[in-house]
Amino acid sequence: MSAVAMTSAALRWRPTSMQVLVFGIIALALAGNAMRSFVDGTPDVATAATVFCGVFVQALPFLALGVVISGLIAVFATPDRLARWLPRRTGTAILAAGIGGAALPGCECGSVPVARRLFGDDTGGAVGAAALTFMLAAPAINPVVLVATAVAFPGHPQMVVARCVASLCTALIMGVAWARFGRPEWITRRLPRPHHSDGSKWLLFTEAARHDFLSACSYLVVGAAAAAALHVLVPTWVYEHLAGQMILGVITMALLAVVLALCSEADAFVAASLTMLPLLPRLVFLVVGPAVDIKLFAMQAGMFGRAFAIRFAPVTFLVATLVATGVGLLIVGPQ
């Protein structure tokens, strides 16, 4: 191979996500002693590190379980198979999709392409409404998320019930809204031609699980870091003011859920770490996050089209916030 060819190949090389992860772990291991000395000598950094590790370590097992189940679904529960199981009547299909979402664990990153595949070329009626209901229900009320919420909020089982009820109601309302007001012309992105892989089911499972884990884990790191920063950087009087202003606290936590874009299998631990806030704003955070955030808006724009995303995301945000607040007042109370 000539020197020019070798130089060209070197310039084209791009590290994979797994290589970046391995290099990062090695770098952190080598810098461990220096970092430990810095943390020990800086109280604020030590507090932030404690919060970060607590959130990350608690959430990691549930995140791993979620991506394993997501990988199994990617192999055995294909979108075409799910589409054949849907009832033809709109109301029944929406309800079945909501319940089916609860029984099929997965993160919101995986639910968007599945929902688009369920849409197929029929962008209206029962199929479209059921697809959107599934997309909102699957990452919000599946067993992994509910168990993680119960572990994150020990002594507050009402948070699990309220999250399940509010998220399911949000999904059903948005499904009905699409059946009533949705327009086929808003779906501007067509489905790509399917390509068949010659890989084994084990290869498909490992690739799907690896992709989901690395993607979701990156959002967990960002969320844990944000929770740690909120404990250290934001003055105590800000939280005291939010605690005394329920409406302001609800709006702030709803917007925070959109910006942080956490994985639904880990967001409960971030919300639980914000002990300076009442339960109601934290419930709104848990309901809004899996329904609409920055990464979901980008994925929906890419899979469905920008015309769909700019209509669907704001309405979902409003519905999720109002439903979570109403359900929270009934089940959790203004605390």
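Please read these numbers as outputs of a predicted model, since none were measured by experiment. We number each residue from 1, following the sequence as shown.
Rounding to the nearest 0.5 Å places CG of Leu286 at 5.0 Å from CE of Met159. Note: Gln158 CD to Leu283 CG = 10.0 Å, rounded to the nearest 0.5 Å. In this structure, CG on Leu132 lies 12.0 Å from CG on Leu172, to the nearest 0.5 angstrom. Rounded to the nearest 0.5 Å, atoms CD1 (Ile99) and CG (Leu168) are 7.5 Å apart. For the atom pair CD1 of Ile141 and SG of Cys164, the computed distance is 5.0 Å after rounding to the nearest 0.5 Å. Note that CG of Leu322 is 9.0 Å distant from OG1 of Thr170, once rounded to the nearest 0.5 Å.
Considering all non-hydrogen atoms of both residues, Ser264 and Pro290 come closest at CB-CG, 3.8 Å. The two residues Ala272 and Ala152 have their closest heavy-atom pair at CB-O, 3.2 Å. Between Ile94 and Ala179, the closest heavy-atom pair is CD1-CB, 4.5 Å. Listed here is the closest heavy atom pair of Ala320 and Ala291: CB-CB, 4.4 Å. Scanning all heavy atoms of the two residues, the minimum distance from Val323 to Ala166 falls at CG1-O, 3.5 Å. Of all heavy-atom pairs between Ala309 and Pro314, the closest is O-CD, 3.8 Å.
No single ILVMFWY cluster, assembled from side-chain heavy atoms under 4.5 Å apart, contains both Leu318 and Ile294. Linking Ile, Leu, Val, Met, Phe, Trp and Tyr whenever their side-chain heavy atoms come within less than 4.5 Å puts Met246 and Leu329 in one cluster. The hydrophobic clustering, which links ILVMFWY residues whose side-chain heavy atoms are closer than 4.5 Å, places Leu255 and Ile247 together. Val332 and Phe285 fall within a single hydrophobic cluster, where Ile, Leu, Val, Met, Phe, Trp and Tyr side chains are chained together by heavy-atom contacts under 4.5 Å. Criterion: ILVMFWY side-chain heavy atoms under 4.5 Å apart, direct or through other members. Under it, Val160 and Val151 are not part of a common hydrophobic cluster.
At least one side-chain heavy atom of Met253 sits less than 4.5 Å from a side-chain heavy atom of Leu274. Contact annotation: the side chain of Asn142 never approaches that of Leu146 to less than 4.5 Å [non-hydrogen atoms, C-beta and beyond]. Using a 4.5 Å heavy-atom cutoff, the side chains of Val319 and Thr316 are not in contact. Side-chain contact between Leu136 and Phe312: present, with at least one pair of heavy atoms (C-beta onward) separated by less than 4.5 Å. Contact of the Val258 side chain with the Phe317 side chain is registered, since non-hydrogen atoms from C-beta on lie closer than 4.5 Å. At a threshold of 4.5 Å between non-hydrogen side-chain atoms, the residues Met174 and Met135 do not count as touching. In this structure, the side chains of Thr188 and Arg306 stay at 4.5 Å or more apart for every pair of heavy atoms. Asp293 is not listed as a side-chain neighbour of Phe297, based on a closest heavy-atom distance of 4.5 Å or more.
In this structure, Thr92 contributes its side chain and Arg89 its backbone to no donor-acceptor pair below 3.5 Å. Checking side-chain atoms of Ser273 against main-chain N and O of Val270 turns up a donor-acceptor pair under 3.5 Å.
Evaluation of the ring-ring contact (aromatic ring centres under 6.0 Å, His included) test over residues 135-154, restricted to residues two or more places apart or in two chains, returns none.
A centroid separation of less than 6.0 Å is found between the aromatic rings of Phe308 and Trp178.
In terms of the side-chain hydrogen bond (donor to acceptor under 3.5 Å, both in side chains) criterion, residue partners of Thr149 (sequence neighbours excluded) are, by chain and number, Arg163.
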